[in-house]
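Naming convention: chains lettered A, B, ... in sequence-line order (proteins, then strands); numbering from 1 in each chain.
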Amino acid sequence: MDGSLLECLNPLCLWGTESATDGLGLPPLRLVGGVDISFVKGDPKAACASLVVLSFPEMKVVYENFEMVELTLPYIPGFLAFREVNFLVALLDRLRAQQPELLPQLIFVDGNGVLHQRGFGLASHLGVLVDIPTIGIGKTIFHVDGIDMNHVKTMVVPKLSHSGATAKLVGISGREWGAALRSTEDSTNPVFISVGHRISLDHAIRITKTSCLHRIPEPVRQADLRSRQYLRDHPYSSGVAK
DNA sequence: GCGACAG
DNA sequence: ATCTTGTCGC
């Protein structure tokens, strides 16, 4: 992120970098969200849905909320959104009703956006439902259009020579599905970025790089860490919130 | 039909 | 997602 005026000349740029110099009347990006769902050890249905909001680019947590939920649908690759999205929407609706001033301008999701068989993964699904831009973050590659672990290992990872390096994920059809990012110097395994909703891949990449203090972008990482902490601090009885 | 498969 | 020991490093 160089914060130059040039990057803001891109019509797809959603936010300015300096409130007084973006030159487009766009508000600067100041609040980014992260969502995740952590599961209880033995019970495959009991889980904790979490939403955190961090200041950008400082990456300090300014809001957190958790909700014990009971998953009804099973996990089926390609259908993750149907299993988890409603719980995430509920958390955002609550924030919008109680503290709208803290609503994130962008949400990092622990799941893919358009990097999906039908081009509409959890990140895209959530973005549309809450009408907020989203970026999909995958920790493992989701096989689609010829892009698989073998392809990533032989054609993508070798290109990631340094921290911050990215390589677009292009399928055999020629379609651009997302990008692999080496988020830190020691991260041999990249994270996979894909457009969720109302953002371009190039901007998603720039913002994600700025949000990485560790391999996993801080918003998603904090949502994960804190939801697990919540489960440790709140023993469950019958499996649902109590 | 068989195998692979985000979280 | 979760199951799990040790280990390298700040």
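- Spacing between atom NE2 of A/His214 and atom P of C/dG9 amounts to 19 Å, rounded to whole angstrom units.
- A cation-pi contact, defined as under 6.0 Å to the ring centre and within 45° of the axis, is absent between A/Arg228 and A/Phe39.
- Counting non-hydrogen atoms under 4.0 angstrom, A/Tyr75 reaches a base of the nucleic acid.
- Side-chain contact between A/Arg175 and A/Val170 is absent, with no heavy-atom pair separated by less than 4.5 Å.
- A/Tyr230 pairs by the ring pair (Phe, Tyr, Trp, His ring centres under 6.0 Å) definition with A/Phe66, A/His234, not counting sequence neighbours.
- Side-chain N/O atoms of A/Asp36 and A/Ser50 include no donor and acceptor closer than 3.5 Å.
- At least one side-chain heavy atom of A/Arg221 sits under 4.5 Å from a side-chain heavy atom of A/His214.
- In summary, contact between chain A and DNA chain B, defined as any nucleotide atom under 4.0 Å from a heavy atom of the protein, begins and ends at B/dA4 to B/dG7 in the 5' to 3' direction.
- Computed from coordinates, the A/Glu185 CD to C/dG9 P distance equals 16 Å when rounded to whole Å.
- The aromatic rings of A/Phe120 and A/His125 sit tilted, their planes meeting at an angle between 30° and 60°.
- Protein atom OH of A/Tyr230 is 20 Å distant from nucleotide atom P of C/dA1, rounded to whole Å.
- Heavy atoms of A/Gly136 sit nowhere under 4.0 angstrom from any nucleic acid atom.
- Contacts of A/Asn112 with the nucleic acid, taken as non-hydrogen atoms under 4.0 Å apart, include base atoms.
- Of the residues in residues 137-159 of chain A, those lying under 4.0 Å from DNA chain B by heavy-atom distance are A/Gly138, A/Lys139, A/Thr140, A/Ile141, A/Phe142, A/His143.
- A heavy-atom distance below 4.5 Å is not found between the side chains of A/Gln222 and A/Met59.
- Among the heavy atoms of the strands, none lies under 4.0 Å from A/Phe82.
- Considering only heavy atoms from C-beta on, A/Val35 comes within 4.5 Å of A/Ile107 through its side chain.
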